[in-house]
Amino acid sequence: MAKVKTENAQPKAAAAEGSQVENQNENNEKTAKAKVTTTEGNTIDRIRVFQKDDATMVQVDYGKLNPDGKTPEEKRAGMRTQMSRQLTPEQAKTYQDLYAKDPVQAKEFAVKTAYPMHVDDAAFHQKNANINGRDVNYITIEKITEDTLLLNALRKDGVDVDHMNREQRANLIASMTPDAKDMALKGSEGLVGKWQLAFGEKGNKESRFYGIMNAEDLASLRHRAEVKLDEKDQVKSVGKPMTMADIAGRMEQRVQAQRQTNGEKLDAAQKVDWSKFKLPSAANVTSLRYSAAKDNPDRVWLSGKVNGIECVSLLSVNETTAVKNRLATLEQVAAANRDFHKKALDIVGPGQKQEVNAKEDAAVKAIVDRASDSTARNFSPEQMKTLNDFAAGAETADERAKVFDGLWEKAASQLKSAGVNDAWQKDAHNELKDLAEGIVRSEAQGLKR
């Protein structure tokens, strides 16, 4: 008799139960399409929670849905996918515990945890705030145009443009003469296209503050959080939530510090007599212009032609400040810049170099005479003038130190050959280092011999 194949009933029941569990999980996933309505009536949906590089990540779409759209694309034209945010291990554990009970609640938790300033966008945009210790009731962000710069210039002249409507402002700008516009825009042309943030108290023009947003400010505004950028200004990490007021406060602190630094730079540039710098008489310099140094906002490149030969040099911070603030002409900073001056000398030939070599010889002699004089305790006024004149193109302590180090190398070989006392040499060298820092030694500070 043929054997009848039998099946144990228990596995079948288990299989059926397993199918029910799978079906339930699928149903949970289908019903887990959570959607969050923000405090400004916007929508957060398409919530994804996924694992990447050992971290639990959240990503959402945020914006305004258009229920009247005829196509899915039209309905979601106002929605934007946000950069994914990472949950901490503790937050990821809470998400998992919630998901086991209620997937929708779990996703809502993930959104509120990862995107708090998108969920509470009313708080993010709050204009009544306290910024760096003072109350304000407006915060504005606008892309800079020529009109923006002209209005800023009029504000500085005391014109109350903030109480004018758009038409009045337009008429005011239209009434400006071409020369007045050129004067107002000088030095600010590079700002067109950048973003300006302003805040203050309405009716109180003294409270108004405005500054230019940098890449970090703009990234923080976009992500509504503290952002760190890499060397290419790409987002490296997203940190704690920030409101517009938080971003404005941080920007103000940075801008104020920069303005103080710029004021110090301006003071230093104003102390220089730029008219004393001259290029070789045989150098016919044409087509001088300057352009931004991409990796150094405090310096610019100067380019031009010397006797038809193109020359390009990086201006120092002081020279750049003088150019941007019209304290010196391009010809004067070209003459002051050691690299451009040297290139000009190389082009015009050895005859013009003799003058520079004579100045260097005089500076080296001043050091040798000072170190060799058994009665000298410091550089004489004449020796100090010779050294300072030779280093006139170097404004910072580092630049002056390099110039004086080069002079010392030449002087040291002469002093060694002459057998000058080592202590006297050391004392002269120390004073030379002080001079590079702007420190002038008194008679009493000299070495007793």
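Between the side chain of Trp274 and the main chain of Ala269, a donor-acceptor pair closer than 3.5 Å is present. For Asp121 (side chain) and Phe124 (main-chain N/O), no donor-acceptor pair under 3.5 Å exists by modelled atom type. Here the side chain of Asn137 pairs a donor or acceptor atom with the backbone of Lys202 at under 3.5 angstrom. In this structure a side-chain-to-backbone donor-acceptor pair under 3.5 Å is missing from Ser84 to Met57. Side-chain atoms of Asp45 do not come within 3.5 Å of backbone N or O of Lys35 as any donor-acceptor pair. Formation of a donor-acceptor pair under 3.5 Å by the Asn42 side chain with backbone atoms of Thr38 is not found in this model.
Interatomic distance, Leu435 CG to Glu431 CD, rounded to the nearest 0.5 Å: 7.0 Å. Between the CZ atom in Arg289 and the CG atom in Leu330 there is a gap of 10.5 Å [rounded to 0.5 Å].
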Test log, rule side chain to side chain contact (heavy atoms under 4.5 Å, CB included), inputs Phe209 and Gln256: CA-CA 10 Å; Phe209 174 86; Gln256 294 287 31; 4.0 Å; yes
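Within a 6.0 Å radius of CD in Gln51, more than 12 heavy atoms belonging to other residues, nucleotides or ligands are found. Residue-environment remark: NZ (Lys93) stays at or below the threshold of 12 foreign heavy atoms within 6.0 Å. For Lys181, the NZ atom sits in a packed shell: over 12 heavy atoms of surrounding residues, nucleotides or ligands are nearer than 6.0 Å. For NZ of Lys276, the number of neighbouring non-hydrogen atoms (other residues, nucleotides, ligands) closer than 6.0 Å is greater than 12.
Between Asp298 and Lys265 there is a salt bridge, since a side-chain N of the basic residue sits under 4.0 Å from a carboxylate O of the acidic one. Electrostatic pairing of Asp217 and Arg254 counts as a salt bridge here, judged by a charged N lying under 4.0 Å from a carboxylate O. Contact check on Lys271 versus Asp267 returns no salt bridge, with no Lys/Arg side-chain nitrogen under 4.0 Å from an Asp/Glu carboxylate oxygen. A salt bridge links Asp61 with Arg76: the closest approach of a Lys/Arg side-chain nitrogen to an acidic carboxylate oxygen falls below 4.0 angstrom.
Side-chain atoms of Gln196 and Asn152 include a donor-acceptor pair closer than 3.5 Å. Between the side chains of Arg46 and Thr81, no donor N or O sits under 3.5 Å from an acceptor N or O.
Under the salt bridge (Lys or Arg N to Asp or Glu O under 4.0 Å) criterion, Asp102 pairs with no residue at all, not counting sequence neighbours. Residues satisfying the ring pair (Phe, Tyr, Trp, His ring centres under 6.0 Å) criterion with Tyr95, sequence neighbours excluded, are Tyr99. Scanning for side-chain contact (heavy atoms from CB on, under 4.5 Å) contacts around Asp405 gives an empty result, with sequence neighbours left out.
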